[in-house]
Each structure stands twice: as C-alpha cells, then as structure tokens.
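First the proteins, then the strands, lettered A, B, ... as listed; each starts at 1.
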Protein chains: 2
Amino acid sequence: MTTTKRPSSAVDAPDPPGRRRARKGEGDLLRDEILDAAERLLVEKGNKDSVTIRGVAKAVGVSAPSIYLHFADKEELLYETCRRVFDILNQRLMEAVGAGEGTVVERMIRAGRAYIAFGLEHPGQYVTLFGPGPADSAPLDLDDSDPGVQAFGLLVGLLEAGVESGELKSDTDVIAAAVAVWAAVHGTVYILISKRGIAEPVMTIDEEAVIETALSMMLDGLRA
Amino acid sequence: MTTTKRPSSAVDAPDPPGRRRARKGEGDLLRDEILDAAERLLVEKGNKDSVTIRGVAKAVGVSAPSIYLHFADKEELLYETCRRVFDILNQRLMEAVGAGEGTVVERMIRAGRAYIAFGLEHPGQYVTLFGPGPADSAPLDLDDSDPGVQAFGLLVGLLEAGVESGELKSDTDVIAAAVAVWAAVHGTVYILISKRGIAEPVMTIDEEAVIETALSMMLDGLRA
DNA sequence: AGCGATAACTGATCGCCGTTAAGTGAACGG
DNA sequence: CCGTTCACTTAACGGCGATCAGTTATCGCT
C-alpha cells in the first residue's frame, strides 16, 4: 500500500486506472462510462468477440462483476452500445429523406447512400448489431423504439408514397419490396465491410462504383 | 476400470463413445470424421460459436487435442467444413446457369434463385462462411479453387455475356455490377436467415415474395 | 458525532473455452 | 524381437462469461 490511495487528489488521473466510487444516487454514471468504453473498444477491435467484459471493466477502471450491476449479460451490453449509434443512423436517414424534398426515387437514393455510408463508417457496430447472434436468441420482442423498426417503417412509408404517386410500379408489394431494398443495401454494406483489407478476389473494388450501381440498379427496377 | 475396455467387442457401438484407433496409414480417416461431426453440429446449433472443439471431439469419440493433428485451429476446421458444402453450391449454380439455356437475364434469375435457396437451406454454414470473421483475419489469399472466387467468376462471365449481347446496359461496369448483384442476393439470404423465427417487426414476411421482388428488381435495373 | 441501512463495488471462484506440451501405446519395418 | 513412427491421450495454461458472498463508502437520522 504505498501508492494506492485516492480519497483525495483524484482529479489529475482521467479515469481508467483508479475510479472514484459514485455517490449514493449516482450509480447510473457508471453505466454510461461502461457504454462509452465498450463503444471505444468495439470500434478499435472491430469485432465483438474481441471485446471482453473484463476488458471493458479494466478500461473503465472497475472490476468485471460491476458490469453486471448495469447489464444483464454481454449481449445486452453490446446491444445497448450499438443501439446508441443506430439512433444516429435514424436521424441521418430522416434528414436524407425529409430535407431537400425531390421525388421519391431521389429521396430513396439519398437514404440509401446515407445508410451505406453510415454502415461503412461504423463497421464494428454494424456487424455486431446485424451480424449473427446466438442461435437461441430470444424472440427479441422489438418495439417501436427499436431503431431497426423505425428505419424499416420509414422505408415502407417511402415506398407507399412512391406507389401512390405513380412513381413506382403500381403492383408493388411494399412490404416485400422494403425487405428486398433493405437486403440490397445491407448486403452492400456487409460485403464492402468484409472485403475491406483482404486480398481482392479478382481486382480492387471501387467502392463508389459498387454503391452507385447497387442503388441505381435497385431503383430502376422499382420504377414504373 | 469396470466397463472401459474395448480391444475386442467394438462393433456394436457405432462410433461416438469409443473409437477404434486408425491403422498406420489411415490417419486421414479421422479428418473426415471430424469434418462430418463439425458439419452436423454446425447445422444443429446454427451458430459457429456454439460449435466447440471439445464438442466436435466428443461427437467423434476422440480427445480434443486430436483435432489439432488435422486442423491448425478452429477457424480452419470451420472453413473446411463450410467449404465442402459450398462446392455443392457452385455445382448448383453452374447447373442453373448452364442448363436450359435461355437469355442471360433468365439464367441470372435461375442462378439467383438457386443461390438464395441454397443459403436458406444451409444457414449455419452460410453465416459461418460469410459472417464476420476475426478482425485480424489474415489477408486470406484465396486462389481459384475457392468456391467464392469461382462463383464470382461465373457471375462476372454472365454479366459480360449480357453486355456483349446487348441484353444489359452497355455502359455497365461488370465488376461493380457483379459485386452489387452479389450483395443484393447475399443480403436477401442474410436477412431472411436472421429474421427466421424472430418476432416479425411489422408483419409476417413472405419469403417467396421477397425473393422474387429482389431478383426482378435487380435485373430490371440491369436490363438495357 | 455516531450509527444502522443501503447503494456501489470487489475478490474469489465456477465451469467452459481454445490451445499447447509432454507422454503413451499400438502398429509396422527390419 | 526391437526400435521407430504414427495415432492418439492426459494434463495443464491462460482467458473467457458469469455468479456469489462479502466489503466499503455514503447516506438519513438521531
């Protein structure tokens, strides 16, 4: 016990090694610190399996079991971590769709570009949230606050508007089309993420060209 | 040591618990048994993290370290496991493309349907092979024997034929288009797999409708 | 100022994992 | 019959997610 004491003089060290215990009503402070650390580690490691409960705890400057005071298990921690950034995605999607107006097709293109760009900016969170979860994963009763549900609703609304205005094929099954469109942009994000930095199978992939091809392909196919 | 002996009388038990040691030149027998067991477990668990080296070893009736006599690590074991089934996919794709002839668009639709159907039939292997690997994953120098490279080459060839025959837009960047098409079918498979058996976000998804919508959307967008 | 209650957090431990090192015994060639 | 070699095992390491039984700091209250 030579150096380990911190009742006073605790403002210089930022946080990680020694952390001041939260005061009585402020237990939730730790929750946010945990989420921040988990997000930082997820971005840096790029892979959810490389983010460990123990690692997050050490980054926060706390013991591993403390995590469980705020999250039921690792899955919940990661979900909440990614959820925060996906709320930002929804914001961006709504901006892309709402601002500048234009035709439905133009708005969909903008939204698609925003979605893909966002996914490529946050690959760790993207594959964590949309990647394969445990096979036994609970029915995952998602409500309207779930960012995925919101984004899907936005897409369905857009397609409905397009059909109604005659801009899109009138016999479109909007639900099926929404899933198909989502699948196409999702696949684009996923493949571009996966292929980042691996030996190119045939040649270097021009990301921009792929994105624009995918988007125009999709929408030409939907147009009336 | 009451019941544990097996020098003789070893024909009744099939394999799992006690396994006859292979003879001198037949060490590779175990390799195939391991692959079979790994495939079985992967199909049954649906998730690569639920397939453990120890579990595979027990299923074969062998000790865990024996796996490492035939595979460098778990990743290699899983890769080889999935590779076997993806060779079958390539076969099916070539049948779909080659047989019955027809226009390029027709052949692409058949291939797309075959790809998606295959992915949905083998979800465990699909997400294992195409899902997120470790972030540090080696450049993965894939050669022409890799099923992914072969399938991609098939797709590129098809697109080139379509452009040449005037069936597809003449200004198509075939590489970018191939990636985009692959992304779209991949995304469709991935999303339909992920959404299997979870509480539907908006309503029940009609898989057939999604598949047909995705395929026609794609190809209408590519057509001249 | 002192004290019991309670919120916030820790140390020790469990059972599992992937992986490695060292050893054992059966099958073969000579 | 013997030594080598192949096929495999036992034991163990370090790290993982998770649990449980404490421990300590802060609070309201007298």
| note | Hits for side chain to side chain contact (heavy atoms under 4.5 Å, CB included) against A:His70, two or more places apart or cross-chain, chain-then-number order -> A:Asp28, A:Leu30, A:Arg31, A:Ile34

| message | Using whole Å, what does the distance between atom C1' of nucleotide D:dC20 and atom CD1 of A:Ile67 come to? | response | 17 Å

Protein-nucleotides 11-17 of chain C N/O pairs under 3.5 Å:
{"residue": "C:dC17", "atom": "OP1", "partner": "B:Thr52", "partner atom": "OG1", "Å": "3.4"}

| request: Figure out the CG/P separation between B:Leu41 and C:dG18, and round it to whole Å. | output: 12 Å

| task | Classify the angle between the aromatic ring planes of A:Phe152 and A:Trp182 as parallel (below 30°), tilted (30 to 60°) or perpendicular (above 60°). | result | perpendicular

| note | Those residues at least two apart in sequence (or on a different chain) that pass salt bridge (Lys or Arg N to Asp or Glu O under 4.0 Å) with A:Asp73 are none

| said: Which residues pass the salt bridge (Lys or Arg N to Asp or Glu O under 4.0 Å) test with A:Glu160, not counting sequence neighbours? | reply: none

| Does B:Leu154 have any side chain to side chain contact (heavy atoms under 4.5 Å, CB included) partners at least two apart in sequence or in another chain, and if so, which? | B:Leu93, B:Met94, B:Val97

| remark: A:Arg19 atom CZ is separated from D:dA25 atom C1', nearest whole Å, by 13 Å

| Distance, rounded to the nearest Å, where B:Arg31 contributes CZ and D:dC8 contributes C1' | 17 Å

| note | The correct list of stems in which DNA chain C takes part (3 or more consecutive Watson-Crick or G-U pairs, distances under 3.5 Å) is C:1-30 with D:1-30

| task | Could you state the atom-to-atom distance from OH of B:Tyr68 to P of C:dT19 in whole Å? | result | 3 Å

| note | Between B:Thr52 and B:Asp49 the two heavy atoms that sit nearest each other are CG2-O, 4.4 Å

Taking N or O atoms only and anything under 3.5 Å, show me the protein contacts with nucleotides 21-23 of chain D, one pair per line.
none

| query | Can you name the residues that form a side-chain hydrogen bond (donor to acceptor under 3.5 Å, both in side chains) with A:Tyr126, not counting sequence neighbours? | reply | A:Tyr115, A:His186

| query | With sequence neighbours left out, what residues match B:Arg21 under salt bridge (Lys or Arg N to Asp or Glu O under 4.0 Å)? | reply | none

| task | Please list, chain by chain and in numerical order, all residues satisfying side-chain hydrogen bond (donor to acceptor under 3.5 Å, both in side chains) with A:Asp32, sequence neighbours excluded. | result | none

| task | Measure from the side chain of B:Leu30, starting at C-beta and using heavy atoms only, and say which of D:dC8, C:dT19, C:dT10 lies closest. | result | D:dC8

| query | Quick one: A:Glu33 CD to C:dA8 C1', roughly how many Å, whole number? | reply | 13 Å

| field | Set of residues satisfying salt bridge (Lys or Arg N to Asp or Glu O under 4.0 Å) with respect to A:Glu76, sequence neighbours excluded | value | none

| task | Please identify each residue that fulfils side chain to side chain contact (heavy atoms under 4.5 Å, CB included) with A:Ala64, with sequence neighbours left out. | result | A:Ile53, A:Arg54, A:Ala57

| message | Measure CZ/A:Arg20 against P/D:dA25 and give the value in whole Å, please. | response | 14 Å

| query | When the distance from NE2 of A:His70 to P of C:dA8 is rounded to whole Å, what number comes out? | reply | 7 Å

